[in-house]
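Quick note: residue numbers are just sequence positions, from 1. Quick caveat: nothing in here was measured; it's all calculated off a predicted structure. Each ligand, and each atom within it, is numbered from 1 in the order the structure gives.
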Amino acid sequence: MEKVIVIDFGGQYNQLVARRVRECSVYCEIYSYKKPLSEIRAMEPKGIILTGGPNSCYEEGAPSCSAELFSLGIPVLGLCYGAQMMMHVLGGKVERASEREYGRTGTHFDVSSKLFAGVPENSVTWMSHNDYISRLAPGFMSVASTANCPVAAAENTEKGLYALQFHPEVLHTPNGKDILRNFVIDICGCSGDWEMTSFVETQIREIREKVGDGRVLLALSGGVDSSVAAALLSRAIGHQLTCVFVDHGLLRKNEGDEVEAVFGSEGTFELNFVRVNAADRYYGKLAGVTEPERKRKIIGEEFIRIFEEEAKKIGAVDFLAQGTIYPDVVESGLGGESAVIKSHHNVGGLPEHVDFKEIIEPLRDLFKDEVRKVGLTIGLPEKLVFRQPFPGPGLGIRIIGDVTAEKVHIVQDADAIYRAEILDTAREYEKEYGHSPAWMPDQYFAALSNMRSVGVMGDERTYDYAIVLRAVKTDDFMTADAAELPFDLLQRVMTRIIGEVRGVNRVLYDISTKPPATVEME
Ligand code: XMP
């Protein structure tokens with residue numbers, strides 16, 4: 001398969017580089033700069049992109065690459081640090097600039113360069129560098145400049161080498177996508193005919209080759225990543241795959257049954273589906289536990305125990321499959337290197353007593369939206385593919401204080417009403433205006449406060465729980481604002497929850513930002 005390889009030097013935008021390449025319908029994988037050149041060459045990439053990074057290339061011990069990389073006959077594009085390193089390694093000079101160049105920067109392009117075809121002569125680029133290329137390596141010429149930076153881009157067309165001081169991968173460089181497309185399609189000669197269906201076909205073939213007649217075990221949570229992994233593996237190896245789905249009784253209303261409807265015997269996927277209904281076991285373990293971290297730990301550990309018990313019943317397997325996706329790999333700080341293990345539920349660790357030889361992670365090069373595309377391509381229902389993020393410990397951390405079956409039912413019912421009302425209102429709006437409303441939250445759910453307060457229902461005094469509604473707008477979940485839900489929507493939700501959910505007499509709307517609050521309650 002035609003592919004471009006991104007070599008990771010630790011820059012903050014590396015995920016974006018790979019993503020932009022895939023947006024050109026060219027398959028792309030990221031590897032650490034430590035990956036041996038022989039392995040890179042063996043993959044026969046059509047092009048190589050070197051990313052930015054936090055170092056100075058002239059410092060001792062700075063991440064580097066061998067000069068040989070530039071004479072493989074494969075076009076190479078260096079970005080920021082990657083550009084400087086290319087110059088440094090090939091005999092140019094990189095020095096500390098007197099002034100850091102940062103932010104949107106007016107840039108003049110030599111539009112006769114193939115790289116800048118279709119780009120206006122004067123445009124803007126996103127710069128973020130302390131060092132600059134003070135002397136070009138032999139054979140290169142400068143093809144872009146800014147007021148402070150004589151070499152904003154350089155090329156050696158004979159060797160197919162291109163260097164950009166700026167970041168074409170970020171949206172702040174308005175013509176960045178065009179520049180990357182010029183490199184990938186026109187310079188590397190990629191045909192740009194890759195699509196998710198080809199990814200799916202290749203993965204299915206590779207999984208079959210790898211697994212042979214072996215057996216694979218997967219912990220299915222019902223979340224997007226593990227569901228897509230399960231679906232992909234099922235298409236590849238059918239009943240050689242066993243999925244263990246632990247229903248911990250802390251899922252959203254009807255969710256356990258929804259997962260079973262997709263993957264169980266009534267669904268369209270061929271696999272062995274094992275559902276473990278462990279609600280009572282969890283409620284037992286959680287009884288009287290109020291401290292949030294302890295709750296999380298219990299939920300995570302119990303999952304591992306149950307998974308191990310099930311694995312024991314199945315016996316030795318050849319592979320343990322995981323729905324690890326690229327951001328998980330990055331979060332773990334290991335870049336494109338050796339297998340990274342995503343601990344289920346992000347707590348509790350990996351099963352120690354499951355007998356398997358190897359890990360299989362078919363989604364580890366993809367981003368979340370790409371994983372969703374794969375899910376749709378292989379026939380998972382939209383409802384599952386576009387699920388909101390849901391924490392591994394589930395409703396366990398949306399019930400403040402101790403967890404009981406009664407509280408779980410209260411929060412499940414309130415949450416189902418809240419989500420349905422938001423979706424209905426948003427759908428109505430979309431029908432009328434053709435786009436989703438500005439207030440549409442990125443995540444929304446009901447939680448159960450541990451507070452009970454006095455109310456009056458009919459002629460009776462009540463002493464019941466308060467439900468907390470949360471709805472946040474966020475780009476990355478690191479920071480978040482409360483969504484400005486329409487007041488009449490909130491009122492409708494309040495009326496329904498108090499009317500339909502026994503044990504609730506108050507509904508509160510959480511307007512806290514993150515930080516200092518978090519998205520979840522615990
Ligand atoms: P917080 O509460 O940390 O949430 O502001 C940020 C995002 O992470 C989700 N979240 C979790 N996801 N396991 C997960 O898989 C967890 O333990 C967990 N805790 C929070 C949360 O739903 C939000 O999207």
Residue-ligand contact Arg296/ligand 1, heavy atom below 4.0 Å: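 Yes, Arg296 has heavy atoms under 4.0 Å from ligand 1.
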Phe477 N/O to ligand 1 N/O under 3.5 Å: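 No, no N or O pair falls under 3.5 Å.
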Sub-3.5 Å N/O-N/O distance, Gln443 and ligand 1: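 So ligand 1 has an N or O lying under 3.5 Å from an N or O of Gln443.
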Side chain to side chain contact (heavy atoms under 4.5 Å, CB included) partners for Ala316, two or more places apart: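 For Ala316 the side chain to side chain contact (heavy atoms under 4.5 Å, CB included) partners, ignoring immediate neighbours, are Asp355.
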Parallel, tilted or perpendicular, as decided by the 30° and 60° cut-offs, for the rings of Tyr433 and Tyr429: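 Plane angle between 30° and 60°, so tilted.
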Should you measure from each heavy atom of [X], which atoms of ligand 1 turn up under 4.0 Å away?
{"X": "Pro393", "value": "13 (N), 16 (C), 17 (O)"}
{"X": "Thr518", "value": "1 (P), 2 (O), 5 (O)"}
{"X": "Lys514", "value": "1 (P), 3 (O), 5 (O), 6 (C)"}

Qualifying ring pair (Phe, Tyr, Trp, His ring centres under 6.0 Å) pairs, either residue in residues 358-413, two or more places apart: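 As it turns out, the ring pair (Phe, Tyr, Trp, His ring centres under 6.0 Å) pairs with a partner in residues 358-413, which skip direct neighbours, are Tyr326-Phe367.
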Minimum side-chain heavy-atom gap Thr513-Val472 below 4.5 Å: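 Thr513 vs Val472: side chains apart.
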Charged tip of Arg275 within 45° of Phe245 ring normal and under 6.0 Å: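 Relative to the ring axis of Phe245, which defines the angle, Arg275 lies outside at least one limit.
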